[in-house]
Amino acid sequence: MNYIRTGSGQPLVLLHGFPLDNGIWQLLLPHLESHFDLILPDLAGMGHSPLPHDDYRLSDMAAALADLLRGLDLPRACVAGHSMGGYVALAFARQFPEMLLGLGLIATQALPDTPKRQAARQQTAAEVAAKGPGVVADAMAPKLSANPAHEALLREVILRQPVPGIVNALKAMAARPDSTDLLPGLTCPIGIIHGLADALIPPERAREMKSLLPHASLSELPGIGHMPMLEAPVQTAEALKNLL
Ligand code: MLT
């Protein structure tokens, strides 16, 4: 698993969303480096991380993260995930609760895909396999941020992702389980961060998670879309500091 490590303090893993890589956290780093030992992996098949095999699930990505942390001699860490990275963070919380110091859920949800969404993912996966990452860049880059100034950067990040990694991630997201049952049992510090102008995952999903997590902090960001780390880095960093 390729990763960047920077800063010092309590370990905090930041897991990027789909179909992006660890470069997406860049604007957050200056605000967090003096508070956290930051570990920024590229998830399997994205960025510079290899895809171990064709049917690599989000639970496998969580297991790979646990291996990475053990290899770094970090028995426990805070784990924060954005969107698909949040699905991986929830899988990590289910599989490795003893390793979790805190959980950050950024523009994500506990619910699984509906059958309709699963079918759309399979269709997109087939189109990406045939035509390349431009298919998802065209569909997603204009919608990810509420600030149109971010579209070109997002398009660039999407276009640099390897096709097998995008195809695998689509299938892995479609196959993810419902994480709702997990939430009431989580006792570690939890920060939920969600843009109120998120065009991909509605803010209701964050509120539903909060209703099952009375001790969690919920930061709702007015005017912010699906990319709080780009659109509101200072507020996103402040919310993550609540995990300390
Ligand atoms: C993401 O931003 O990681 C994805 O859009 C999440 C999803 O498609 O469910």
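Both ligands and their constituent atoms are indexed starting at 1 by order of listing. All heavy atoms count here, side chains included; hydrogens, waters and symmetry mates do not. The first residue of the sequence shown is numbered 1, and numbering continues consecutively from there.
- Side-chain atoms of Q118 and Q122 include no donor-acceptor pair closer than 3.5 Å.
- Short contacts between ligand 1 and M84, defined as distances under 4.0 Å to a heavy atom of the residue, involve ligand atoms 1 (C), 3 (O).
- Ligand 1 lies less than 4.0 angstrom from a heavy atom belonging to M140.
- Screening L105, D178, T180 for a side-chain contact (heavy atoms from CB on, under 4.5 Å) with L90, the sole residue that qualifies is L105.
- Taking a cut-off of under 4.0 Å to the non-hydrogen atoms of G17, the atoms of ligand 1 that pass are 3 (O).
- Set against the non-hydrogen atoms of H226, the atoms of ligand 1 under 4.0 Å away are 1 (C), 2 (O).
- With a 4.0 Å cut-off on non-hydrogen atoms, R121 touches ligand 1 through its side chain and not its backbone.
- At a heavy-atom distance under 4.0 Å, only side-chain atoms of R117, from C-beta outward, approach ligand 1.
- Below 3.5 Å of separation, one finds an N or O of F18 facing an N or O of ligand 1.
- Looking from atom 1 (C) of ligand 1 to the surrounding protein, the closest heavy atom is S83 OG, 2.7 Å.
- Checking only distances, Y87 does come within under 3.5 Å of ligand 1, N or O to N or O.
- Hydrophobic cluster membership differs between L170 and L111, with clusters built from Ile, Leu, Val, Met, Phe, Trp and Tyr side chains linked at under 4.5 angstrom.
- Looking at every heavy atom in both residues, L101 comes nearest to C188 through O-CB, 3.7 Å.
- Between H82 and ligand 1, a contact under 3.5 Å exists for no N or O pair.
- For H53, the NE2 atom counts as densely surrounded, since its 6.0 Å shell holds more than 12 non-hydrogen atoms of other residues, nucleotides or ligands.
- A salt bridge does not link D55 with K171: none of the charged nitrogens is closer than 4.0 Å to a carboxylate oxygen.
- Residue L200 has at least one heavy-atom neighbour below 4.0 Å for each of these atoms of ligand 1: 5 (O).
- The number of heavy-atom neighbours closer than 6.0 Å to NZ of K131, taken from other residues, nucleotides and ligands shown, is 12 or below.
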